[in-house]
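These values consider heavy atoms only, across backbone and side chains, with no hydrogens, waters or symmetry-generated copies. Proteins come first, then strands; the chains are lettered A, B, ... in the order of their sequence lines, and each starts at number 1. Everything quoted here is computed from the prediction, not taken from an experiment.
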Amino acid sequence: MPSYWLVKSEPDVYSLDDLEKERGGSATWEGVRNYEARNFLRAMKRRDKVLFYHSRVKEPAIVGVATVARESYPDPTQFEPASDYFDPGSDPEDPRWSMVDLRFSLRFVRPVTRAELKRTAGLEEMPLLARGNRLSVTPVTPGQWAIIARLGKRRA
DNA sequence: GCCAACGTTGGC
DNA sequence: GCCAACGTTGGC
């Protein structure tokens, strides 16, 4: 049985559109530099389903779904001095940071906005909605998934 | 654009 | 090991 997750992305930097247009179909999800988020990346299994959330925009929203195309492996950018994600403290023999590959799955019929998530019963426990939460990767329960998937299929 | 919340850094 | 300072995230 697949597990469920949610990833955040700023669409100005990388959007669901960008994921859909990837040549070869999947994208490397590099650059996560938070231990808790990294641990979630490491727990992802191939074919797990991932809600794709657009942050730092006027109407933050879940816009669609991706799937895990490749399970976690070392993020090469941690060893690239020219990269924004370079981490001089990471040991190549025991890399500190991991990433996965994600593949576009589907776009919701309409975005499910943060405002709507907040007023929907059953989603109160989502880390995404907790005050001050900044994790870019979080787990989603099957119950939360069912509610959100349903909202995403429903026409406005 | 503002600013609260957060994780990290570094002085002591 | 503490904690203030700092830089970043991200909703509003």
- Using the closest heavy atom to pick a nucleotide of DNA chain B for each, name whichever of A/Arg131 or A/Arg56 lands nearer the 5' end.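 Whichever sits nearer the 5' end wins; that is A/Arg56.
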- Message: Is there a ring pair (Phe, Tyr, Trp, His ring centres under 6.0 Å) between A/Trp97 and A/Tyr73? Walk through the geometry before answering.
- Response: CA-CA 8 Å; A/Trp97 305 113; A/Tyr73 57 106; over 10 Å; no
- Does the ring centre of A/Trp29 sit less than 6.0 Å away from the ring centre of A/Phe52? yes
- Message: What range of DNA chain C does chain A touch, first nucleotide to last, counting atoms under 4.0 Å from its heavy atoms?
- Response: C/dG7 to C/dC12
- Message: Under a 3.5 Å cutoff, is there a donor and acceptor pairing between the side chains of A/Asp75 and A/Thr77?
- Response: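 Side-chain D/A pair, A/Asp75 to A/Thr77: present.
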- Query: Do A/Ile147 and A/Val140 share a hydrophobic cluster (ILVMFWY, side-chain heavy atoms under 4.5 Å, transitive)?
  - Reply: yes
- Message: Here's a test for you: under side-chain contact (heavy atoms from CB on, under 4.5 Å), which of A/Ile148, A/Val137, A/Val50, A/Ile62 qualifies with A/Leu6?
- Response: A/Ile62
- Using a heavy-atom cut-off of under 4.0 Å over every strand shown, decide if A/Lys8 touches base, sugar-phosphate, or nothing. sugar-phosphate
